[in-house]
There are 2 protein chains.
Amino acid sequence: MNPASSNPGGDASPGASPTFSPLYQQIKALITQSLQSGEWKPGELMPSEVELASRFKVSQGTVRKAIDELAAENLVLRRQGKGTFVATHHEERAHFRFLRLMPDEGVPHQADNRILEVKRIRAPAEVARLLELKSGDAVVYVKRLMAFDGAPTILEELWLPGQLFKGLTAERLVEYKGPMYGLFESEFGTRMIRATEKIKAVAADAGTAQLLAVPEGTPLLVAERVSFTYGDKAVELRRGMYLTAHHHYLSELS
Amino acid sequence: MNPASSNPGGDASPGASPTFSPLYQQIKALITQSLQSGEWKPGELMPSEVELASRFKVSQGTVRKAIDELAAENLVLRRQGKGTFVATHHEERAHFRFLRLMPDEGVPHQADNRILEVKRIRAPAEVARLLELKSGDAVVYVKRLMAFDGAPTILEELWLPGQLFKGLTAERLVEYKGPMYGLFESEFGTRMIRATEKIKAVAADAGTAQLLAVPEGTPLLVAERVSFTYGDKAVELRRGMYLTAHHHYLSELS
DNA sequence: GAGTGGTCTAGACCACTAA
DNA sequence: TAGTGGTCTAGACCACTCA
């Protein structure tokens, strides 16, 4: 009758753990699948709560609780009176969600963006490990330099699974206006959901120092980011080197 | 009859904005007040949901929603079958909530802790500004060095409002076993709820380098933390200098 | 005025804990 | 067995949006 009916029985596999899960979690998983499969695309309006409730044969309250969690995870966006929308990187508020480098004074503003290099390579062992690929699988490598008010501040390297980013070229990156994650979402169907960063302080090597126009040995903040899409699948490795003379990395502890 | 009855009227102050707020938010505020006033102390069992519902003359569902948010903010802890408890820094899981420095390999473990200095001073302008004090107000200054496996790794300076931390001495800090925030909570009645950190990479100066046993100029990760207690009141300024040769700062982006 | 998400209620049953 | 939080339902009304 409803998804829960197959639940308390402990059913099927005898050796496995019972794998209980509340109804609203099952509904949440079903909705997430629809998001992942592209049944509703980023930016689009989703079916209303009552519609989903009738589709899944549960009460509206149960659907609400499922969507509550999806909204808390920034997968969807609720707007009273209008409906629930699939989250997208093409919005003002999304632009700064993964940008933690803030100017010491004033508000964050758009950076000048210079693509230095784009190429397809075989994944080095370390990259393959972090992206959960086989060593030697193809990856797209990107190197770019970003400047604020003419001052080079961020040097970034990216590694993306070649399988998912087939047509990614320097031209596409240069042409594209707006955040890079917007491009990934619209053109390659890969949406970044969350990420973890490991941060260190290191001395700039000769090449990096030259690009950032600082003396060799200048302390840099280095952030190694692994980004995940639906299903906690790693789909981006990013190494950012930040000059923190007039900027800082913002971290909220809660 | 119930707290909401004073709501839609827009009552009182004519010029002020209507200040609507849903019932469960009002309940949440009332519970937060009780937490702040110490009606229920950290670690203690709170009244059950039905009890609170009858006290506030609302349904259990409304109390639930209020407590849901408090639990999400780590102010309280729910345990099925037992009840709801006031969160405390005296728990395993709380020990690492504000510790973002992780070893590159292995799991985090306890640091050796050496108190270098404790004194009462007048707040420098910058400290006063960040702690929302008047310049010249008394603050307690603490300096300590932490080591992992014998290797000095963290040099920390703290500034605490003198008003709140009257009897804080080096002896108390040294005697106390367990996390510093546990001491602040139990002995000074000040509980840290959340914090923000601004992070930079800088070169170690002579004094810092000597304490951390590294060459002058070694890149350090510097985190300037402002911690807040109930009501978003700033109650701690902390400047941590981290050696990141074998550790990293972990940041979760979501 | 119709449709959407947001709040609130009352009541039922379940899972977990401890006496 | 009693008490707690956790889930689920059904229904009411509100606030907001838009045609």
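All chains are named by letter (A, B, ...) in the order of the sequence lines, taking the proteins before the strands, and each is independently numbered beginning at 1.
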ask   = Below 4.0 angstrom from OP1 or OP2 of C:dT7, is there any side-chain N or O of B:Thr62?
value = no

note = Whole-Å distance, A:Glu51 CD to C:dG5 C1', equals 14 Å

query = Please give, in whole Å, the distance from C:dC8 C1' to B:Ile27 CD1?
reply = 11 Å

From D:dT4, D:dT17, C:dG5, nucleotide with atom closest to A:Lys82 side chain = D:dT17

task = Report yes or no: does A:Glu73 contribute a side-chain atom to a donor-acceptor pair with the main-chain N or O of A:Leu70 at less than 3.5 Å?
result = no

request  = With B:Ile193 as reference, evaluate B:Asn74, B:Leu75, B:Leu35 under the side chain to side chain contact (heavy atoms under 4.5 Å, CB included) test and give the passing residue.
outcome  = B:Leu75

ask   = To the side chain of B:Ser59, which of D:dG5, D:dC8, C:dC8 is closest?
value = C:dC8

task = Calculate the interatomic distance between B:Asp68 atom CG and D:dC8 atom P; express it in whole Å.
result = 14 Å

key: Among D:dG6, C:dT4, D:dC8, the nucleotide that comes nearest once only the side chain of B:Arg78 is considered   = D:dG6

ask   = How is B:Arg79 classified with respect to the nucleic acid when contacts are heavy atoms under 4.0 Å: base, sugar-phosphate, or nothing?
value = sugar-phosphate

query = Rounded to whole angstroms, how far apart are NZ on A:Lys57 and P on D:dC8?
reply = 17 Å

N/O (side chain, A:Thr84) to phosphate O (OP1/OP2, C:dG5) under 4.0 Å = yes

Six-ring centre of A:Phe85, A:Arg78 cation under 6.0 angstrom, axis tolerance 45° = no

ask   = Could you give the CZ-to-P distance, from B:Phe56 to C:dC8, as a whole number of Å?
value = 14 Å

query = So does B:Arg64 get a side-chain nitrogen or oxygen closer than 4.0 Å to the phosphate oxygens (OP1/OP2) of D:dG6?
reply = yes

ask   = D:dT9 C1' sits how many Å from A:Lys65 NZ, rounded?
value = 13 Å

key: Cationic tip of B:Arg194 above B:Phe228 ring, under 6.0 Å, 45° of axis   = yes

ask   = Hey, does the side chain of A:Ser48 come within less than 4.0 Å of C:dG3's phosphate (OP1/OP2), counting only N and O?
value = no

ask   = Between atom CD in B:Glu69 and atom P in D:dG5, what is the gap in whole Å?
value = 17 Å

ask   = Of all the choices, D:dG5, D:dA15, C:dC8, which nucleotide is nearest to the side chain of A:Gln80 once you look at every atom?
value = D:dA15

note = Considering only heavy side-chain atoms of B:Glu49, the closest of C:dC8, D:dG6, C:dG5 is D:dG6

Pair A:Glu224 + A:Arg238: basic N to acidic O under 4.0 Å = no

Of the listed nucleotides D:dT7, D:dT4, C:dG5, the one nearest the side chain of A:Tyr24 = D:dT7

request  = Figure out the CD/P separation between B:Gln60 and D:dG5, and round it to whole Å.
outcome  = 8 Å

